[in-house]
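Below: the structure, in structure tokens.
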Amino acid sequence: MKRRLGLPAVVGALLVAGCAPGTQHDGGARTAERSTTMQNQTSDLARKLISRAYGEFFVLPAHEQTIERIWADPANRPALEALTADTAQPLAARFLAAEVLFARDFTFASRVSGAVIAEIYAHALEQNLTGMANSWGLLYELDDAGPVGIRFVMLGEAAVPALVRLLDNAGSPLIYDGSKEATVGNAYHYRIKDFAAFYLGRIRRIPVTFHRELAERDQEIARLEQQLAHP
């Protein structure tokens, strides 16, 4: 006569099986192995992005072709998001990874902290990691935030703290490349703080008046800071 296991016996059997030697260890080992594999993929991708193994960024048409090559490899997709969020990786690589994701899967910004992404872009602006100012926009000329600067506006309120920090950066003006863009953009002598003020004005919908004279421009930025601090 066959004997069925009663519920207490079933539960007991499951508990014994769950506690069997090696069961939990094997699960932990697999998790650790997956984590190590992802870390290796992330580090490898970071090196490739920085060395331009896939091609150049921020120069057309190479920029789009580079992004397509990166995205064509399915293994890169989770690694891109992991790289963007990994504070142990070089900021330059995290910036390039974020650019690929904004181009191909902008929903990543709902999974990676907006404040974290904004700090990556703030660093990229400070270091002008795009090489030329063109990607950050012509600002008051045609109300242009640029294809990279627009990321701050897309992030919205999450980008405000990072941009406010940049309002104190009065370093040398960023340089534009090209013919018309260089002629127009370089005439404005846009500094880091000018870019930050423009993006903040767009995010908070605060009118920011551009002045040719740096002293007047700084007064306008100081007024913006006060308005941001006391809305």
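Predicted, not measured: the structure shown is a model, and the values here were computed from it.
Note that CZ of Arg212 and CG of Leu214 are 11.0 Å apart. Values are rounded to the nearest 0.5 Å. Atom CD1 of Ile50 is separated from atom CG of Leu45 by 10.0 Å, given to the nearest 0.5 angstrom. Arg217 contributes atom CZ, which lies 8.0 Å from atom NE2 of His189 (distance to the nearest 0.5 angstrom). Annotation: the span from Leu129 atom CG to Arg94 atom CZ amounts to 12.5 Å, rounded to 0.5 Å.
Considering only residues two or more places apart in sequence or on other chains, Phe106 meets the ring-ring contact (aromatic ring centres under 6.0 Å, His included) condition with none of them. Take Tyr121 and apply the side-chain hydrogen bond (donor to acceptor under 3.5 Å, both in side chains) test, not counting sequence neighbours, and it matches Glu99. By the salt bridge (Lys or Arg N to Asp or Glu O under 4.0 Å) test, Arg204 pairs with Glu157, sequence neighbours left out. In this structure Val153 satisfies the side chain to side chain contact (heavy atoms under 4.5 Å, CB included) test together with Ile150, Arg202, sequence neighbours excluded. Gln219 pairs by the side-chain hydrogen bond (donor to acceptor under 3.5 Å, both in side chains) definition with nothing, not counting sequence neighbours. Partners of Asn186 according to the side-chain hydrogen bond (donor to acceptor under 3.5 Å, both in side chains) rule, which considers only residues two or more places apart in sequence or in another chain, do not exist here. Listed by chain and number, the residues in a side-chain hydrogen bond (donor to acceptor under 3.5 Å, both in side chains) with Glu216 are His211 (sequence neighbours excluded). Remark: Glu56 pairs with Arg52 by the salt bridge (Lys or Arg N to Asp or Glu O under 4.0 Å) rule, at least two apart or across chains.
When all heavy atoms of Gly185 and Tyr190 are compared, the pair lying nearest together is O-CD1, 4.3 Å. Across all their heavy atoms, Ala197 and Leu167 have their closest contact at N-CD2, 3.7 Å.
Using a 4.5 Å heavy-atom cutoff, the side chains of His63 and Ile67 are in contact. No side-chain heavy atom of Ile206 sits under 4.5 Å from any side-chain heavy atom of Leu200. Within the 4.5 Å cutoff, the side chain of Ile203 has heavy atoms near those of the Leu163 side chain. Residues Leu139 and Tyr188 form no side-chain contact, since every pair of their non-hydrogen atoms from C-beta on lies 4.5 Å or further apart. Side-chain contact between Ile70 and Leu49: present, with at least one pair of heavy atoms (C-beta onward) separated by less than 4.5 Å. The closest side-chain heavy-atom distance from Phe210 to Phe198 is not below 4.5 Å.
Linking Ile, Leu, Val, Met, Phe, Trp and Tyr residues whenever their side-chain heavy atoms come within less than 4.5 Å leaves Met132 and Phe57 in two separate clusters. Using a 4.5 Å cut-off between side-chain heavy atoms of Ile, Leu, Val, Met, Phe, Trp and Tyr, with links allowed through other members, Leu96 and Val116 fall into the same hydrophobic cluster.
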For residues 77-88, dump all side-chain donor-acceptor pairs below 3.5 Å to protein atoms at least two apart in sequence or in another chain.
{"from": "Arg77", "atom 1": "NE", "to": "Trp71", "atom 2": "O", "distance (Å)": "3.0"}
{"from": "Arg77", "atom 1": "NH2", "to": "Trp71", "atom 2": "O", "distance (Å)": "2.9"}
{"from": "Glu81", "atom 1": "OE1", "to": "Arg111", "atom 2": "NE", "distance (Å)": "3.1"}
{"from": "Glu81", "atom 1": "OE1", "to": "Arg111", "atom 2": "NH2", "distance (Å)": "2.9"}
{"from": "Glu81", "atom 1": "OE2", "to": "Arg111", "atom 2": "NE", "distance (Å)": "3.0"}
{"from": "Thr84", "atom 1": "OG1", "to": "Leu80", "atom 2": "O", "distance (Å)": "2.9"}
{"from": "Asp86", "atom 1": "OD1", "to": "Ala88", "atom 2": "N", "distance (Å)": "2.9"}

Under 3.5 Å, which donor-acceptor pairs do the side chains of residues 173-182 form with other protein atoms, sequence neighbours left out?
{"from": "Tyr176", "atom 1": "OH", "to": "Gly137", "atom 2": "O", "distance (Å)": "2.7"}
{"from": "Glu181", "atom 1": "OE1", "to": "Asn134", "atom 2": "ND2", "distance (Å)": "2.6"}

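In this pair, Tyr199 and Phe195 present their aromatic rings tilted. The plane angle is within the 30 to 60° band.
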Problem set entry | side-chain contact (heavy atoms from CB on, under 4.5 Å) between Ile120 and His123, worked out | CA-CA 5 Å; Ile120 292 172; His123 171 82; 5.9 Å; no
For this session: Decide side-chain contact (heavy atoms from CB on, under 4.5 Å) for Trp136 and Ile192; before the verdict, give the C-alpha distance in whole Å, the side-chain angles of both, and the deciding distance to 0.1 Å.
Result: CA-CA 10 Å; Trp136 300 104; Ile192 300 297; over 6 Å; no
For this session: Please step through side-chain contact (heavy atoms from CB on, under 4.5 Å) for the pair Asp168 and Glu225, ending with a clear verdict.
Result: CA-CA 10 Å; Asp168 293 327; Glu225 283 188 280; 3.9 Å; yes
Problem set entry | Derivation and outcome, side-chain contact (heavy atoms from CB on, under 4.5 Å), residues Val148 and Phe95 | CA-CA 10 Å; Val148 177; Phe95 167 58; 4.0 Å; yes
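Remark: the Asp73 side chain and the Tyr54 side chain contain no N/O donor-acceptor pair separated by less than 3.5 Å. Side-chain contact check for Thr130 and Asn128: at least one donor-acceptor pair (N or O, by modelled atom type) lies under 3.5 Å.
Ion pairing of Arg223 with Glu220 is present here, as a side-chain N (NZ or NE/NH1/NH2) and a carboxylate O approach within less than 4.0 Å.
Residue pairs meeting the ring-ring contact (aromatic ring centres under 6.0 Å, His included) criterion with at least one partner in residues 212-231, sequence neighbours excluded, are absent. Residue pairs meeting the salt bridge (Lys or Arg N to Asp or Glu O under 4.0 Å) criterion with at least one member in residues 125-139, sequence neighbours excluded, are Glu126-Arg165.
A donor-acceptor contact shorter than 3.5 Å links the side chain of Asp194 to the backbone of Arg191.
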